[in-house]
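Within every chain, numbering begins at 1; the chains are lettered A, B, ... in the order of the sequence lines, protein sequences first and strands thereafter.
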Amino acid sequence: MNPLIKTLAAVAACTALATAALVLGLCTLSAPAFANPVEDRSIRPFKIQVPQTALDDLRGRIAATRWPDRETVGDQSQGIQLAKIRPLVEYWGRAYDWRTAEAKLNSLPQFMTTIDGVDIYFIHVRSKHPHALPLIMTHGWPGSVLELLKTVGPLTDPTADGGSPEDAFDLVLPSLPGFGFSGKPTETGWNTERIARAWAELMKRLGYTKYVAQGGDWGSPVSNAMGRLAPAGLLGIHVNLPAVVPPEIAAVLATGGPVPAGLTGKERTAFDALSMAAKMGNRSYATMMGTRPQTIGYAINDSPAGLAAWMLGHPGFSGWTYDDSDPEKSPDEVLDDITLYWLTNTATSSGRIYWEYGGGRSPVFADPEKTNEVKLPVAITVFPGEGYRAPETWARRAYPNLIYFHEVDKGGHFAAWEQPELFSAELRAAFRSLRQRN
Amino acid sequence: MDTTRTSETIDQDRRRLLGTAAVGIAAAGAASLLPSQKAAASTNDGIRPFTVSFPQEELTELRRRIVATRWPERELVSDEASRRIWSTPATVGPTQGVQLATMQKLMHYWGTEYDWSKCEARLKALPNFVTEIDGLDIHFIHVKSKHQGALPIIITHGWPGSVIELLKIIDPFTNPTAHGGAEADAFDVVIPSMPGYGFSGKPTETGWDSARIARAWIVLMKRLGYDRYVAQGGDWGALITEQMALIAPPELAAIHTNMPGTIPPEIVKALASGGPPPADLGPDEKRAYEQVAFFYKNGLGYANEMALRPQTLYGIVDSPAGLAAWILDHDADSYALIARSFDGEPEGLTRDDILDNITFYWLTHTAISSARLYWEHTQTAKAGFFDAKGITIPVGATANPSEIYTAPKSWTERAFPKLLHYGRTDKGCHFAAWEQPKTFTDEVRATFKTIQT
């Protein structure tokens, strides 16, 4: 346990519930899934209170950043450009205020519970509407619960912006193991299946007997895995990074072969996007963390600039300016997320999800994601700025029980972050039929 | 999860990085010799003495950062096998990356007992020069033998090496009679720093690929007045030396490589498909195939990142621990060797050897500028690192057992029609001149004995 998490845990321990829980929790660090009868199943309230020394240390490191010379090209083809990252990092060290993000998180009900030996942090916002549908939503890398916060209002309180009470959700936003304030696994095996089982346990612990699941980025394969697992109570899933690429297309992409014949216009567009991403090396970060998360981990755990560049190297950020021209993509938006990774010391532990998945593979391929085993209802929204636009033809082939498919005209990889209203409207529409049915 | 599927991404990246088609490289190399000569002629071609010196405050600041390292938690795997050396067919490597225990020992030593001044003094004691070639300052060490008729040799380091990996062989090469050799074994030694490395300038424009560096080396040897010389290299040095051989200037009599590109075209194709070794391979060929396949599948993360997004690695410029880990994770066998030296079981490389090199990268601020060579390679490479490239001038090759792959004699004979020497050593990994200077010296002598007149 690193000192910061210890401090945070101590804060949590101040609550009466938590003291005994922590003691018990320590006994179950390596417990197999749910087999250990002594695993503490309590749900402990949690508040974030980052020590000032950690923030001072961060500022000190930022001020001491040793910069490389600028790239030798005029574009992003060698990675994050010096002229783009440097002003952001300098703002981070000078004027950025973590306490605002901390207050935002602390204004929400936060909890900790130990599942399968790992502490799971989650935000849990119940709707005031009595028949709200419980929804567990999963973030990805390099995201966090922060990328989902703007949807809390629209999803839990739909009447505030003209929605109907029938659209309300009770919202559960966990941090993936190794991410944010969740614990860090100390053993291998925390793959998407195991996370899916943990999420099912979490929803059970919260007393939900009927619920839905949603995810983008890593949240998508986690939600797929929940769909395959079909735990009692799960009614269906919604994903915004669906795994629809058919095996014959995957094979062509793997060998760099020619464009397959007979593609529809939309299939061709999707193929070209995937093919171009591979050619441009857009997934080098995934290959690195998929094979050697520990090696890159030393640099990005020790260098704030290194961490910021590594996270912003994700292609989902390539169109972000992190200036004030777009309030949804302001410097503070990305710095809240980067600072969360820094303060929780999770640069290395978060990268391991790629290693667990294997070698930096992309989770968009139908066969390895075993989408044909997802018998529960599946809903998909295609956001135009995503790495590829899933064609409906492929989606219908991949997911046998596709109940909703919609292409929208705005938003990218971080859909909930970039277009929270539209994203929330999509979830309302996607899950409407499941409410009626149940 | 279906673990039998290989990564689509890795396959794509592997092809980009290593190339598959060994066509056109010789023609391209030869045709493009002219522009560089033109460029060199229009610039300052003087040779200036270079004094090695680092400000003390840089060293103080480095130590401050080492002590302030913010560590990640330990990797989740035991990786006991990653410390095995000289194993067959291949060492498995650290499966999640450089191990925390090794890193903490390294950083502790670096921040306390390690003394850079000894290395600095060694560098200072050598004749260092700088000359501008093709618009860039090139640093080189130039040590002439006292023996008449010494054969000039240009020796090129690689990544994550530097001129430091070649220091141990300077005296055996230039002063052979003090190291079990004869006067006839004497070399005049030229050891340049590649562009973006060590004391050489950092390119501010694209285009400095291995072929351009090869052209610069030809200019350098000409400028030094050598009208007959040989060239040697390992790692990137091997690629550059092979590029020189493809250009084949009349002055270049022969080359020696300790990472020879020998893989025949049909094997390149089989490797690209990711399948098992073809049935008709002999035992050495099968082992080589498995070594290369293993490296492509498991060992390319670092090369892939530098080939595709070198600039994103801001962390290795800002963090000594980040830089050290990045440099340690080169290939499975040399990692094992290095890790063992910090466990108190050094074999070939000492802790000081390793930290001299890492400190040199740190002090010269070259973590990212050096990485760009991989990016450049990806832009223009027609052939993979280990592929046979159609060299027709005389070649000597050494196959070390724990190199990324051990070039079989059969492939080596096919790749180099004028093979002067094929040596198979008992031990040695990737950094041959650094780890096994005596064997390395014997191999180079054996190669060039045949042409030394």
(Q) Classify the ring geometry of B:Tyr302 against B:Trp159: parallel below 30°, tilted from 30° to 60°, perpendicular beyond 60°. (A) parallel

Q) What class does the angle between the rings of B:Phe360 and B:Trp116 fall in, given that below 30° is parallel, 30 to 60° is tilted and above 60° is perpendicular? A) parallel

**Q.** Proximity breakdown for B:Ile368 and chain A, heavy-atom pairs closer than 4.5 Å
**A.** side chain

Q. In terms of heavy-atom proximity below 4.5 Å to chain A, should B:Ala371 be classed as side chain, backbone, both, or neither?
A. neither

Q) Under a 4.5 Å heavy-atom cutoff, which of A:Gln294, A:Arg292, A:Arg66, A:Met288 has the most pairs with chain B? A) A:Arg66

Q. Does any heavy atom of chain A fall under 4.5 Å from the side chain of B:Thr206, the backbone, both, or neither of them?
A. both

Q: Let me know if B:Glu205 has heavy atoms under 4.5 Å from chain A in its side chain, its backbone, both or neither.
A: backbone

Q) Going by an N to O cut-off under 4.0 Å, is there a salt bridge joining A:Arg228 and A:Glu369? A) yes

(Q) Taking the side chain as everything from C-beta on, heavy atoms only, tell me whether A:Leu307 gets closer than 4.5 Å to A:Met311. (A) yes

Q: Let me know if A:Trp355 has heavy atoms under 4.5 Å from chain B in its side chain, its backbone, both or neither.
A: side chain

(Q) If you take the centroid of each ring, where Trp contributes its six-membered ring, are B:Phe199 and B:Phe54 closer together than 6.0 Å? (A) yes

**Q.** B:Glu57: partners by salt bridge (Lys or Arg N to Asp or Glu O under 4.0 Å), with sequence neighbours left out
**A.** none

Q: Give the member of B:Val77, B:Thr95, B:Ile316 that has the highest number of heavy-atom pairs under 4.5 Å with chain A.
A: B:Thr95

Q. With chain A, which of B:Leu328, B:Val317, B:Thr204 has the greatest number of heavy-atom pairs at distances under 4.5 Å?
A. B:Val317

(Q) Under a 3.5 Å cutoff, is there a donor and acceptor pairing between the side chains of B:Asn304 and B:Arg309? (A) no

(Q) Need one label for A:Ser77: side chain, backbone, both or neither, based on atoms under 4.5 Å from any heavy atom in chain B. (A) both

(Q) Test your reading of the model: is there a side-chain donor-acceptor pair from B:Gln96 to the backbone of B:Leu76, 3.5 Å cut-off? (A) yes

Q) Which atoms form the tightest heavy-atom contact between B:Tyr314 and A:Ile80, and what is the distance? A) OH-O, 2.6 Å

Q: Heavy atoms only, distances under 4.5 angstrom: which of A:Asp69, A:Leu312, A:Ile85 has the most pairs with chain B? Name it, please.
A: A:Asp69

Q) If you count heavy-atom pairs under 4.5 Å with chain A, which of B:Ala321, B:Ala324, B:Gly207, B:Ala68 comes out on top? A) B:Ala68

Q | Side chain / backbone / both / neither for A:Gln81 at chain B, heavy atoms under 4.5 Å | A | backbone

Q. Under 4.0 Å between a Lys/Arg side-chain N and an Asp/Glu carboxylate O for A:Arg352 and A:Glu356?
A. no

Q. Does any N or O in the side chain of B:Tyr197 come within less than 3.5 Å of the main-chain N or O of B:Ser370, such that one atom is a donor and the other an acceptor?
A. yes

(Q) Quick check on B:Trp362 against chain A: is it the side chain, the backbone, both or neither that has a heavy atom closer than 4.5 Å? (A) both

Q) Between B:Trp326 and A:Tyr298, does the ring centre distance come in under 6.0 Å? A) no

Q | Side chain / backbone / both / neither for B:Pro310 at chain A, heavy atoms under 4.5 Å | A | both

Q) When heavy-atom pairs shorter than 4.5 Å are enumerated against chain A, which of B:Arg65, B:His365, B:Arg74, B:Arg70 gives the highest number? A) B:Arg70

Q.
Please output the residues of residues 99-109 of chain B in contact with chain A, using a heavy-atom cutoff of under 4.5 Å, in numerical order.
A. B:Gln99, B:Leu100, B:Met103

Q. Is it the side chain or the backbone of A:Ala277 that comes within 4.5 Å of chain B heavy atoms, both, or neither?
A. neither

Q: Go through the atoms of B:Thr366 and report whether side chain, backbone, both or neither lie under 4.5 Å from a heavy atom of chain A.
A: neither

Q) Between B:Arg64 and B:Glu61, is there a side-chain N and carboxylate O pair less than 4.0 Å apart? A) yes

Q | Contact class of B:Trp375 relative to chain A, heavy atoms under 4.5 angstrom | A | side chain

Q) Is A:Ser275 reaching over with its side chain to a backbone N or O of A:Phe271, donor-acceptor style, under 3.5 angstrom? A) no

Q: For the pair A:Asp116 and A:Arg197, find out whether any cationic side-chain nitrogen is under 4.0 Å from an anionic carboxylate oxygen.
A: no

